[in-house]
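Residue numbers start from 1 in every chain, and the chains themselves are labelled A, B, ... in the order their sequence lines are given, proteins ahead of strands.
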Amino acid sequence: MDYLQKFTSQIRNRLFLLLLINNVLIVADWYVVDRVVKLTGWWSLIALLAVPVLTFSILPWLSTRALVQPTKLIWQAILHLAPATANSVAAPKAEQTHIGRELVANLVSQLYQLASVVDEVERTSQKSSQDLHTNFLASALPLPFIVLDKNESIVFVNDLACHYIKRESSDLIGQNIYTMLDMSFASNKTFESWLSDAKQNSVTADQAWERVRLGLADEQNTLQFDLAAHYNKGNTLGYETVLVLFDHTEQYSQDDQAVSFVALAVHELRTPLTLLRGYIEVFDEELGDKLTPELKAFMGKMNAAAESLASFVDNILNVAKIEDNQLTLQLHEEAWPSIVDNVVQDMSLRAGVRGIALKTEIAKDLPPVGVDRYSIYEVLANLIDNAIKYSRDTKEIFITTKLNDNGLVETSVKDFGLGIETSILPHIFDKFYRNHRNRSQIGGTGLGLYLSKSIIDAHGGQIWVNSKVDEGSTFTFTVQPFSSLAAEQKNSDNGDITRGAHGWIKNHSLYRG
Amino acid sequence: MEPINNTQGTGKKVLCIEDEHFISELYTRALTKAGYAVDVQMDGQLGLASAQSDKYDIILLDLMIPTITGIEVLRTLRDTAKTPKLHAKIIITTNLEQRDEVKTDIEKQADGYLVKAEITPRELVEFLSHLEA
């Protein structure tokens, strides 16, 4: 306050001095005009007015600079501190003003102190927001949350993540993610493969996975969750990869239990079904030639129904095996046309019962393929079975196979029936998914396509569908020529190629058994 | 499928260890028609005793049978301390899905492995004819 008082009195003194000088000048002016020079008339009036006009215009102009200078210096200090102009404005110097020099010096130094406080606050807040260990959001995030550095070591886990995977944070920090979390994925697009791809090709990347499985250290419980990950190359704080887990253990294990329960129940059908088929065969052998055409047709229908039920049972049991990671495939060198013919021949019985003709068109000179005969049989049988079910009253199904442009053996099953609505297409290969509109009309478990996709995935092929409502559907899948699997075969002991039917692909090579 | 026309008899003897009467009936019928002589035993103990007599060329062994399980019968038959080497081929018939490691283990000891639900009696006959060839 002393500086302000001093500044105020300085201003007062200057103004007083200024007015005094002004008045003295006016009086002196009058004295000179009236007594010394003795001007009269217009000249005296002009001479009398000249001095006040001159002083009133020159003195304020002269004094303003001095009076404004302190404000200007403070303004300069503020500009110097402001982030936007800091580099273009120099720091003010208090000696550039005579009036209020101390006040300016004091105010400017206070400004600088304030600024350094702001800087400090900014620094600490930045630090706390980037240092996850003191970050409220990261710790309190109601989702398990794990952060990795560029070596895939864990640098941060929030409380919930520790609780979720039942490990202490001190056990996890600094450890390799793959040794700590034994995650399994529903396809071979694992977290590990995504991350190594992202590291090579991206600066930032995001990815999500459904139905990730994680075995806990107690080896009794398995967690199931969806996983989202974000990758940020060379994050300055070393937080390169962030994982967020969305728990669905209960929901997913209910699905799995549904499968195992159904599998258990369905297994009981096997023996009676075997007997049924056995006795039908006996009848066919004993009576085949003696029956009337009508009775023979009934026999055919009975047989078709038994075959259909048998393949339904096989489907269920195979899905259960896939879920349990127990379906392994042996890929052998096979002639593709003979497999297609074989399936078509067996399915003709079922198609024939509905008056549907299966028409095949097999390209010549197909290379031998690398397939598991039994599994690939099921894929084709499933697709044809679906085509039969969804054919309505159309009477033809086309099975075509050719070598496509990518050198893969491509097989299509085309029907002209119901077709599939666009909204449903993306889910058509999901477990338990069926065209809801037709659930009541058409039997099935919704597992056939899921199973087919799993098997095709394990073959290293692809499966897809084109469909239009009321015009029919075309399901197409590819398998690899045996020659392209040859390299893999060399590394195999017994000349076969063993594949897990997708099931759960272990995340890391450490666990790949 | 080609009809079974071998009614002359192969002279081969088959032991069918199977507790499900209808299954053994179906298999017996088909195999007899194909010229095999078939004996049936309904439980593990009797089955093992018959098998050890070494009168058979082929033994069809169900895994789920009373008294002694099929796996134990198989182990005993393959254990040279308990059973002199049999000339019979042992074919496992089951409806139980085995875990792969168990299946591999069984396959090593047996000469064949059939899932009953996957074959009809006619296909069994076909399988055995390939086995002998």
Heavy-atom contact with chain B under 4.5 Å, split by part of A/Tyr279: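 Backbone plus side chain of A/Tyr279, per the 4.5 Å heavy-atom cut-off to chain B.
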Under 4.5 Å from any heavy atom of chain B - which part of A/Leu273: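 Contact with chain B is absent: no heavy atom of A/Leu273 under 4.5 Å.
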For A/Glu334, all residues meeting side chain to side chain contact (heavy atoms under 4.5 Å, CB included), sequence neighbours excluded: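 A/Glu334: side chain to side chain contact (heavy atoms under 4.5 Å, CB included) contacts with A/His332, A/Ile339, A/Val369, A/Val371, A/Arg373.
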Pairing of A/Glu307 and A/Arg277 as salt bridge, 4.0 angstrom limit: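 Salt bridge flag = yes for A/Arg277 with A/Glu307.
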Within-4.5 Å side-chain heavy-atom neighbours: A/Val340 and A/Ile362: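 Of all side-chain heavy-atom pairs linking A/Ile362 with A/Val340, at least one is under 4.5 Å.
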Toward chain A, the part of B/Leu124 with a non-hydrogen atom under 4.5 Å: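 Neither the backbone nor the side chain of B/Leu124 comes within 4.5 Å of chain A.
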Interface residue of largest heavy-atom contact number with chain B, from A/Ile280, A/Thr271, A/Leu275, under 4.5 Å: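 Answer, by heavy-atom pair count under 4.5 Å with chain B: A/Leu275.
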Side-chain donor/acceptor of B/Asp111 to backbone N/O of B/Ile90, under 3.5 Å: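 Yes; at least one donor-acceptor contact below 3.5 Å.
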